[in-house]
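Beneath this line is the structure, given in structure tokens, with notes to follow.
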Amino acid sequence: MEVKEETFKMALDKLNAYLELYQHRKTQEREEILRAVCSIDTAFSIDELAHFMQEQSKFLVSRATLFNTLEIFEKVCLVIKHGMSREVRYEFTPTRKPLVYFVCDSCGLIHKFNRTEVTDFLDGVRSYQFTVRQPVLYLHGLCKRCERAMKRKERQLRSIAKTKLKSK
């Protein structure tokens with residue numbers, strides 16, 4: 001996966017401005033983590049990020065450093081933290097464009113939904129009592145595979161129940 005240099009520079013400038021403002025140190029680890037995060041096109045877990053960094057950049061950082069750094073990235077609005085399945089996932093979001101996801105409640109599959117009508121609606125959401133930093137909409141349900149499996153199990157249960165009634 002290739003880092004788009006202009007996206008990385010923009011994100012790094014945003015991060016450095018935050019670090020200076022709050023008097024945090026600028027470290028090579030934070031820069032390398034940001035480079036890795038910019039390279040990943042999908043939502044990722046801490047473990048996936050650690051593995052990616054080890055494979056791609058041969059840069060080893062502790063899980064604690066990853067957690068702490070991603071927390072800073074979240075405050076800077078460079079990543080969003082998804083708690084939409086069995087594990088927490090992060091996603092690089094250099095812009096504040098609206099995001100829409102389908103989440104399967106059975107298998108945990110996450111599918112990004114790209115329809116301009118929905119994202120335009122989310123982009124236009126304004127409230128006098130609340131400032132929206134990153135509009136994200138999660139639609140929970142069942143993916144087609146899990147829905148078919150559930151219907152198959154229901155048919156099997158009905159069939160078993162019928163045979164038990166007939167045998168009595």
**OP:** Kindly say whether Val61 contributes a backbone atom to a donor-acceptor pair with the side chain of Thr65 at under 3.5 angstrom?
**Re:** no
Original post:
Looking only at atom types and distance, does a side-chain atom of Thr69 sit under 3.5 Å from a main-chain N or O of Leu66, one as donor and one as acceptor?
Top reply: no
Say you draw a straight line from [atom1] of [X] to [atom2] of [Y]; how long is it, rounded to the nearest 0.5 Å?
X      : Y      : atom1 : atom2 : value
Lys151 : Arg155 : NZ    : CZ    : 8.5 Å
Leu78  : Met10  : CG    : CE    : 7.0 Å
Cys38  : Ile33  : SG    : CD1   : 12.0 Å
Met53  : Ser39  : CE    : OG    : 10.0 Å
Ile110 : Tyr138 : CD1   : OH    : 8.5 Å
Lys14  : Asn16  : NZ    : CG    : 13.0 Å

Original post:
Under the side chain to side chain contact (heavy atoms under 4.5 Å, CB included) criterion, do Leu12 and Glu31 qualify, and how do the steps go?
Top reply: CA-CA 7 Å; Leu12 185 59; Glu31 190 171 325; 4.1 Å; yes
**OP:** For the pair Tyr101 and His82, name the ring-plane relationship: parallel under 30°, tilted 30 to 60°, perpendicular over 60°.
**Re:** perpendicular
For [X] versus [Y], what's the shortest heavy-atom pair and its separation?
X      : Y      : result
Leu49  : Ala36  : CD1-CB, 3.9 Å
Leu137 : Val118 : CD2-CG1, 4.0 Å
Val37  : Phe73  : CG2-CE1, 4.3 Å

**OP:** Establish whether Phe102 and Leu142 are linked, either directly or via other cluster members, by ILVMFWY side-chain heavy-atom contacts under 4.5 Å.
**Re:** no
Original post:
Would Leu60 end up clustered with Leu70 when hydrophobic side chains under 4.5 Å apart are linked, directly or stepwise?
Top reply: no
Original post:
So Val103 and Leu139, side chain to side chain contact (heavy atoms under 4.5 Å, CB included) or not? Walk me through it.
Top reply: CA-CA 6 Å; Val103 181; Leu139 302 169; over 6 Å; no
Original post:
Going through the checks in order, is the side chain to side chain contact (heavy atoms under 4.5 Å, CB included) test met by Ile40 and Glu48?
Top reply: CA-CA 10 Å; Ile40 301 174; Glu48 291 166 344; over 6 Å; no
**OP:** Would you mind checking if Glu147 and Arg152 are paired as a salt bridge, meaning a charged N to carboxylate O distance below 4.0 Å?
**Re:** no
**OP:** Show your reasoning for whether side chain to side chain contact (heavy atoms under 4.5 Å, CB included) applies to Ile72 and Arg30.
**Re:** CA-CA 9 Å; Ile72 291 171; Arg30 287 180 177 147; 3.6 Å; yes
Original post:
For Lys26, what residues pass the salt bridge (Lys or Arg N to Asp or Glu O under 4.0 Å) criterion, not counting sequence neighbours?
Top reply: Glu20
Original post:
Does NZ or CZ of Arg89 come closer than 6.0 Å to the centre of the six-membered ring of Phe44, within 45° of the ring's axis?
Top reply: no
